[in-house]
Amino acid sequence: MTDWKPDIANRHGRRYLAIADALADDIKRGLVRPGDRLPTHRDLAYQMGLSVSTVSKAYAEAVRRQLILSEVGRGTFVMPNAWTDLTGVGIDSRQIGPIDMAFNCPVPAPMVLEAMSAALKTISGSDRLDELMPYHRPWVGLASHRAAAASWIEKRGLRTSPENILMTNGAQHAHAIILTSLLEPNQIAVTDELTDPGIKFLTANRSLQLKGLAMDKDGLLPDAFEAACKTMKVKALITVPNHHSPTLTIMPVERRKAIAEVAIRHGVTIIEDDVYGPFLDNPPPALSSFAPEQSFYFTSFSKCICAGLRIGFLAAPPGRVEELIPGLGATTWMVSMVPAEIAALWIREGTAERLIVWQRQELTRRQKLAAQILDGFDYTALPSSLHLWLPLPDSWRAEGFVAQARLRGLAVTPAEAFVVGHVPAPQAVRVSLGGATPSRTELQRGLEIVADLLKERPAATYLVL
Ligand SMILES: Cc1ncc(COP(=O)(O)O)c(C=O)c1O
């Protein structure tokens with residue numbers, strides 16, 4: 001139990017509201033953390049020299065604001081999502097319990113370390129080293145890096161050429177460059193109804209309006225896209241056609257054609273985020289290939305090899321790469337040269353492909369373990385996907401499930417984190433099987449907690465007054 005004691009000396013108005021406000025501020029500042037158990041009503045009342053009923057009213061107010069939950073016989077706990085909700089940041093790294101199955105990142109491979117140390121040796125002995133040190137022009141990247149990136153993107157299903165490539169410091173940087181360069185504040189971007197929290201964060205940061213579009217088992221629905229284009233001035237579509245997170249949809253070719261056709265008819269820019277594409281051995285043609293004049297495609301090494309290299313590859317439509325210079329200038333001027341050199345080397349030598357094959361194989365082993373432990377429960381997974389998507393049985397709501405998992409030391413992500421706007425979130429959670437849980441023992445334990453919870457009925461979770 002924490003010894004949290006709110007400071008309400010400088011807060012005016014009713015005492016119980018002041019306590020609830022102080023709690024919200026203290027959660028935001030990290031003084032109390034998701035999962036922390038708060039003092040009992042009686043203890044806090046005693047500490048603060050207030051009546052128990054004032055503290056009870058304050059806690060009830062905090063329950064109403066979804067900051068805390070009370071479990072009969074167990075106590076009052078800070079909600080797992082409280083920090084995220086209050087700060088608007090998608091994923092709270094401080095929420096992470098001993099077992100982290102909330103964070104989607106690749107499994108750390110010994111091979112990556114070996115490849116990295118070999119690449120650093122090659123670079124340090126190379127006469128190109130001094131070329132990597134200064135600012136360089138063109139800002140979009142060195143010719144050799146752009147050539148390697150173009151060949152990498154072609155393997156992912158998009159024909160492009162080095163002149164169309166812009167090197168980035170990861171996929172989030174690619175998003176930032178495109179949005180900053182091509183969209184003005186208040187313009188409308190549409191996206192999958194469940195989307196990467198990073199996309200929500202960036203669009204909000206750019207003061208864009210982000211609208212979610214309905215999806216089915218094949219991804220974004222062309223009719224929903226068409227309807228949005230008819231009723232709003234849609235400037236851009238942001239979508240993840242491969243291994244969509246969290247739903248794991250892979251958009252079939254016919255669906256890609258239909259979406260591209262709507263985009264062409266309404267003059268909407270396509271922003272195709274393919275961070276998960278490298279998990280597909282034999283990917284379908286990129287969505288961008290069906291609307292090549294107006295599509296910006298990118299991928300990165302973050303999900304499939306290692307995130308620390310911070311490298312991404314962006315393909316602009318022919319003749320349009322210069323349009324992205326404002327966004328590049330507004331962010332980092334140019335990509336970091338040493339990671340770009342390593343990435344280009346890995347692509348040319350086939351190392352990148354080998355590292356991804358290892359990653360896919362390891363994830364396939366992890367998915368098999370999940371299939372054994374979650375046998376009998378309905379969930380969506382792909383043979384080498386980084387996570388699984390688990391719609392919950394009727395008896396569970398996602399927030400209660402996440403809270404219970406958190407109390408048992410397991411972090412998973414509620415659907416709420418991916419919802420765009422105020423539409424209700426599905427009662428589902430994303431369970432990551434990747435590198436945030438490096439050991440198999442931990443992974444097994446985490447999956448067992450998930451299975452146990454699914455078998456149980458939720459505890460009487462909410463305080464009812
Ligand atoms: C769909 C999607 N796009 C982009 C990113 C960011 O990728 P990067 O680490 O390469 O910036 C993420 C990270 O979670 C993601 O899930």
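Because the structure is a prediction, the values reported are computed rather than measured. Whatever order the structure lists ligands and atoms in, that order sets their numbers, starting from 1. Any value given below was found using the heavy atoms of this structure, including those in side chains, with hydrogens, waters and symmetry copies removed.
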If I apply the N/O under 3.5 Å rule, does His175 come out as touching ligand 1? no
Going by the angle between their ring planes, with limits at 30° and 60°, are Trp139 and Tyr135 parallel, tilted or perpendicular? perpendicular
Judging by distance only, is a nitrogen or oxygen of Ala171 under 3.5 angstrom from one on ligand 1? yes
Any atom of ligand 1 sitting under 4.0 Å from a heavy atom of Tyr276? yes
Would you mind running through ligand 1 and noting each atom that sits below 4.0 Å from a heavy atom of Ser302? 8 (P), 9 (O), 10 (O)
Are Asp36 and Arg33 ion-paired here, with the side-chain N under 4.0 Å from a carboxylate O? no
Could you list the atoms of ligand 1 found under 4.0 angstrom from a heavy atom of Lys303? 12 (C), 13 (C), 14 (O), 16 (O)
Between Glu226 and His266, is the side-chain hydrogen bond (donor to acceptor under 3.5 Å, both in side chains) condition met? List the steps. CA-CA 8 Å; Glu226 175 91 51; His266 292 275; 2.8 Å; yes
Flag side-chain contact, heavy atom, 4.5 Å: Leu443 against Met101: yes
Could you list the atoms of ligand 1 found under 4.0 angstrom from a heavy atom of Ser300? 10 (O)
Ranked by distance from atom 9 (O) of ligand 1, the top protein heavy atom is Arg310 NH2, 2.6 Å
Within the 4.5 Å heavy-atom criterion, are Glu442 and Thr437 side-chain neighbours or not? yes
Can an N or O of Asp273 be found at a distance shorter than 3.5 Å from an N or O of ligand 1? yes
Please identify which atoms of ligand 1 are closer than 4.0 Å to at least one heavy atom of Gln172. 6 (C), 7 (O), 8 (P), 11 (O)
Is it true that, when you exclude Arg137 itself, more than 12 heavy atoms of the residues, nucleotides or ligands shown sit nearer than 6.0 Å to its CZ? no
Could you tell me if the side chain of Phe296 sits less than 4.5 Å from the side chain of Arg320, heavy atoms only? yes
Specify the protein heavy atom at minimum distance from atom 5 (C) of ligand 1: its residue, its atom name, and the distance to 0.1 Å. Asp196 OD2, 3.9 Å
